[in-house]
Asks: 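Right, I'll just put the structure down here and ask away after.
Just the heavy atoms: all of them, side chains too, but no hydrogens, waters or symmetry mates, feed the values below.
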Protein chains: 2
Amino acid sequence: MGRPATHDVPRQGSRSGPVRLADVAQAAGVSRPLASRVLNGDPAVRAAPETKARVLEAADRLGYVPHVGARSLRSSRTGLIGLVVHDLSSPIYLELMRGARAEAARHNYFLVLGDVDELLADDDAFTIFISGRRVDGIVVQGGHGEFDLRVDEIAHALPTVVVNAPTAESDTVTQVFPDEVAATRMLTEHLLGLGHRRFGLVTGPRRSTTSLLREKGIAAALADASLELREEDRVHGPWTADAGRAGLVELIRRWDGDPQRPTAVIAGNTLIGIGMLGAAAAQGWSVPADLSVAAVHDTWVSEHLVPALTTVSLPLYDVGVTAVRTLLSGTPGGTRIELSDPPPALHPRASTQRPPDLGRARHDPHPSGIEKPAGGGPS
Amino acid sequence: MGRPATHDVPRQGSRSGPVRLADVAQAAGVSRPLASRVLNGDPAVRAAPETKARVLEAADRLGYVPHVGARSLRSSRTGLIGLVVHDLSSPIYLELMRGARAEAARHNYFLVLGDVDELLADDDAFTIFISGRRVDGIVVQGGHGEFDLRVDEIAHALPTVVVNAPTAESDTVTQVFPDEVAATRMLTEHLLGLGHRRFGLVTGPRRSTTSLLREKGIAAALADASLELREEDRVHGPWTADAGRAGLVELIRRWDGDPQRPTAVIAGNTLIGIGMLGAAAAQGWSVPADLSVAAVHDTWVSEHLVPALTTVSLPLYDVGVTAVRTLLSGTPGGTRIELSDPPPALHPRASTQRPPDLGRARHDPHPSGIEKPAGGGPS
DNA sequence: CTGAAAGCGCTTACAG
DNA sequence: CTGAAAGCGCTTACAG
């Protein structure tokens, strides 16, 4: 407002268009290289303080902003980091993205978004993204089987960090991931502490590294109590709410008439957990009275669900931060960083409580799949 | 794998480092400009088809990828669009982001992420983002009061499109937003059709344009039925689940003992709706038996809530698509595009049904804030 | 330490 | 239509 409706920046002398370094140098009465060095804070500069001040003042007054393209052409530094994501709708990955973005900003870097599926489908996009010297490095969300296979290829062209899902060892790829084992161990110990002795699990694909680590944490906690997770109490599938719903329905079917049926079910992630809460309600099971439910990952929605969902949070924001920091610090490839600080944090909520007394009353949920209305409720 | 562990690309002749246009031209036996023109599909090129093919083949074989910095220096086109977002955790904005990203990709553009709060807090970041010729244009999520004030400033420097929240008319800014009025009208008509006659509303800030438009849609539908939304049945606040929770608690307090109390409450967005479902449960109100709840925006979580949440979806993905398309088409500033196609879509789910018969039974919810367990449920 | 010169890789007026 | 030349704006060896 109050400024002329033009895309040009206020200018000096007769030349129109954006202010260049040369304009600043001229205005400050110094050479172009010196202006560049002062502006970039080169510690080797010995110019008088007032000269430096004059350069800074001129740049400020003229509204000088370096042309990032020219800079990157000369110095082959773009100030951009590529972030390759799977699924922009998942609240889980978003935390990671937020952390990466914030840390990038701290270093005056910006993030360029890439989508796994699209990069896989469009070879040109893939190439331009990776090799167009468009970005100085890449952060990839691991755990996408097909894309993981190409990460090594990317890492040969650019510094690359895979976050969140450990993959095969590699000489070129750096990996940053949270302590998955500690997380599910913590969740399982919470349930053990409440008195549960038999557990169900609905989680991601059987071959997923993340699934394996999470099952490992559960197994470790159970082993300490001389218990184990039976094969028939596990369901593997996609990391989605729909899969969570289907998974619990399947488990309930398997448990039919079993007086020793599990009293607590762990969800491999929050989406699965949300689906399980829906399935429980649809099947006429009350959570937590009939069944405790707990999930990996704490998201904004966890505490607002009915019942509020017990979760364990992994430091995803910090994983994002660490990934970018590692990338920019020039850490050599092949490093594997398991983030143990901050540790996973338990968020006990209404969806978990002590187990029901299955011995006393026979277990027989409503046969109908519809939850009965609460009898008119507050009327 | 199988490739040498080096950041260099396979090369031609003695020169190391990435393949340049000159390398391609040489390999194809043409001049640099001609190679450039062929590669960029310049229709004016009259070279023999086999010459063109030789250039393309050479580029492909050598793995040529243009240096985007050099290109942008010369042609002042960066191939990047800035996307300025408020809140990376909101599932609502994500749809918009997904659409913008997909459309950008279709034009071989990538998205650079900016964060409203950070750009406001860090003047340098703001300047570099806006004026570093880092991006060719900017898409801004409107509705952030403080940032909206600076949009005009941005639009003077770069083509700018504001999405999702109409702001003041402007000569420079282009706006793209969905038909908010039609959406809440549709939602309200759904509730009217079920038999509801008095309504509550928990929505965003009173001065928010989006709030105003959504209230306008409700008012329009009610006016058709010779009804109106009373002032005392509205609560304004942030667009968050916490605010939804607090809002419904407040409404329930106001309705205490009112035999004519509203039987349906509209949530200004899904986050608010989620908070309301939680509040209803905590207050011992059954949704939909005691109260119907419906919300604006359909997200992945809507159908998985308990009860599943009735919503109206706005074409946010398409808003993102249109924003980018408008930006790249060079549409002059000042254009306002209200997206009426696709129209809002109603998703009727379990959270809405016919109103309870308030006349018959006196309304008196459980005094305790705790929902009673379902009496042992399936035991 | 500083300045004059070179050059990053590309595209686009400009001649031919 | 095509090629030789220029030049986008910056930073960095290289002399001094």
Side-chain angles (χ1 to χ4, degrees), chain A residues 8-9 11-12 15-52 54-55 59 62-79 108 128 131-134 136, chain B residues 8-9 11-12 15-52 54-55 59 62-79 108 128 131-134 136:
Chain A
D8 293 347
V9 174
R11 60 188 198 266
Q12 168 87 336
R15 192 182 163 280
S16 87
V19 179
R20 298 152 310 155
L21 179 63
D23 300 322
V24 175
Q26 191 186 354
V30 301
S31 72
R32 218 142 39 97
L34 184 56
S36 171
R37 287 172 183 130
V38 170
L39 257 18
N40 289 320
D42 184 338
V45 169
R46 287 281 159 263
E50 48 271 31
T51 309
K52 289 193 193 178
R54 232 172 35 243
V55 173
L62 298 177
Y64 170 67
V65 184
H67 188 298
V68 293
R71 173 178 283 177
S72 92
L73 177 55
R74 180 63 207 176
S75 64
S76 56
R77 224 199 102 243
T78 64
N108 293 315
I128 292 179
S131 356
R133 276 139 298 179
R134 178 179 282 302
D136 295 336
Chain B
D8 293 346
V9 175
R11 60 188 198 262
Q12 168 87 336
R15 191 181 165 280
S16 88
V19 178
R20 298 152 310 157
L21 179 62
D23 301 322
V24 174
Q26 190 185 356
V30 301
S31 72
R32 221 142 36 98
L34 185 55
S36 171
R37 286 173 183 127
V38 170
L39 258 17
N40 289 320
D42 184 339
V45 169
R46 286 283 160 263
E50 47 271 31
T51 309
K52 289 192 192 178
R54 234 174 29 244
V55 172
L62 298 177
Y64 170 67
V65 184
H67 187 298
V68 293
R71 173 177 283 177
S72 91
L73 176 56
R74 181 61 207 180
S75 63
S76 55
R77 222 199 105 244
T78 64
N108 293 315
I128 292 179
S131 355
R133 277 138 296 179
R134 178 179 283 301
D136 294 337

Asks: Under 4.0 Å, counting only non-hydrogen atoms across every strand here, what does B/Val45 touch: a base, just sugar-phosphate, or nothing?
Replies: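 Since only primed, P, OP1 and OP2 atoms lie under 4.0 Å of B/Val45, the category is sugar-phosphate.
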Asks: Examine D/dC1: is either OP1 or OP2 under 4.0 Å from a nitrogen or oxygen in the side chain of B/Arg46? Give yes or no.
Replies: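 Yes, such a contact exists.
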Asks: Tell me if a side-chain donor or acceptor on A/Arg133 pairs with a main-chain N or O of B/Pro18 at a distance below 3.5 Å.
Replies: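 Judged by distance alone, no pair lies under 3.5 Å.
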Asks: Starting from the 5' end of DNA chain D, give me the residue, B/Arg74 or A/Tyr64, whose nearest nucleotide shows up first.
Replies: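 The residue whose closest nucleotide sits nearer the 5' end is B/Arg74.
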Asks: Grab the CZ-P distance between B/Arg134 and D/dC10 for me, whole Å please.
Replies: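 Taking atom P of D/dC10 as the reference, CZ of B/Arg134 is at 14 Å.
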Asks: Tell me: CG of B/Asn40 to P of C/dC10, nearest whole Å?
Replies: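 Going from CG in B/Asn40 over to P in C/dC10 covers 10 Å.
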Asks: Now, which nucleotide makes the Watson-Crick or G-U wobble pair with C/dA13, with each of the two distances under 3.5 Å?
Replies: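 None - no nucleotide pairs with C/dA13, as no candidate has both distances under 3.5 Å.
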Asks: Please confirm whether the backbone N or O of B/Ser72 pairs with a side-chain atom of B/Arg77, one donor and one acceptor, at under 3.5 Å?
Replies: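 Side chain of B/Arg77 to backbone of B/Ser72: no pair is present.
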Asks: Tell me: CG of A/Leu73 to P of D/dG7, nearest whole Å?
Replies: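 Answer to the nearest Å: 16 Å.
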Asks: So if I take every side-chain heavy atom of B/Leu34 and compare against D/dG3, D/dT11, D/dC10, which nucleotide ends up nearest?
Replies: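 In terms of side-chain proximity for B/Leu34, the closest of D/dG3, D/dT11, D/dC10 is D/dG3.
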Asks: B/Asp23 CG to C/dC8 P: how many Å, rounded?
Replies: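 After rounding, the reported distance stands at 12 Å.
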Asks: Under the 3.5 Å rule, do the base of C/dG3 and the side chain of A/Arg37 count as making a donor-acceptor pair?
Replies: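 Flag set: donor-acceptor pair detected.
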Asks: Taking B/Asn40 for its side chain and B/Ser36 for its backbone only, find out whether a donor-acceptor pair lies under 3.5 Å.
Replies: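 Yes; judged by distance alone, with no hydrogens or angles, the pair exists.
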Asks: May I ask you to say what B/Leu21 touches in the nucleic acid, namely base, sugar-phosphate or nothing, with a heavy-atom cut-off under 4.0 Å?
Replies: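 Here B/Leu21 touches the bases of the nucleic acid.
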Asks: Could you tell me which nucleotide pairs with D/dA4 by Watson-Crick or G-U wobble geometry, both distances under 3.5 Å, or answer none if nothing does?
Replies: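 Per the H-bond distance test, none.
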Asks: May I have the distance from B/Asp42 (atom CG) to C/dT12 (atom P), rounded to whole angstrom?
Replies: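 My rounded result for the distance is 9 Å.
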Asks: Taking the same atom, C1', in D/dT12 and in D/dG16, what whole-Å distance lies between them?
Replies: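 It comes out at 16 Å once rounded to the nearest Å.
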Asks: Rounded off to whole Å, could you give me the CZ-to-C1' distance for the A/Arg77 and D/dT12 pair?
Replies: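 Checked: the CZ to C1' distance equals 15 Å.
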Asks: Between B/Arg32 and A/Pro33, which has a closest nucleotide on DNA chain D that is more 5'?
Replies: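 With B/Arg32 and A/Pro33 compared, the 5'-side residue is B/Arg32.
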Asks: Just by distance, do the side chain of B/Thr51 and the backbone of B/Ala47 share a donor-acceptor pair under 3.5 Å?
Replies: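 Not confirmed, B/Thr51 side chain does not pair with B/Ala47 backbone.
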Asks: Ignoring backbone atoms, establish whether B/Ser36 has a side-chain N or O less than 4.0 Å from OP1 or OP2 of C/dT11.
Replies: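 So the side-chain polar atoms of B/Ser36 do come within 4.0 Å of the phosphate oxygens OP1 or OP2 of C/dT11, strictly under.
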Asks: Quick check: does any side chain N or O of A/Thr78 sit under 3.5 Å from a backbone N or O of A/Asp136, one acting as donor and the other as acceptor?
Replies: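 Such a contact is found between A/Thr78 side chain and A/Asp136 backbone.
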Asks: Just the rounded figure in Å: distance from C1' of C/dG9 to CD of B/Gln26.
Replies: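 Rounding to the nearest Å, CD of B/Gln26 and C1' of C/dG9 are 15 Å apart.
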Asks: Using whole Å, what does the distance between atom P of nucleotide D/dT11 and atom NE2 of B/His67 come to?
Replies: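 Taking atom P of D/dT11 as the reference, NE2 of B/His67 is at 14 Å.
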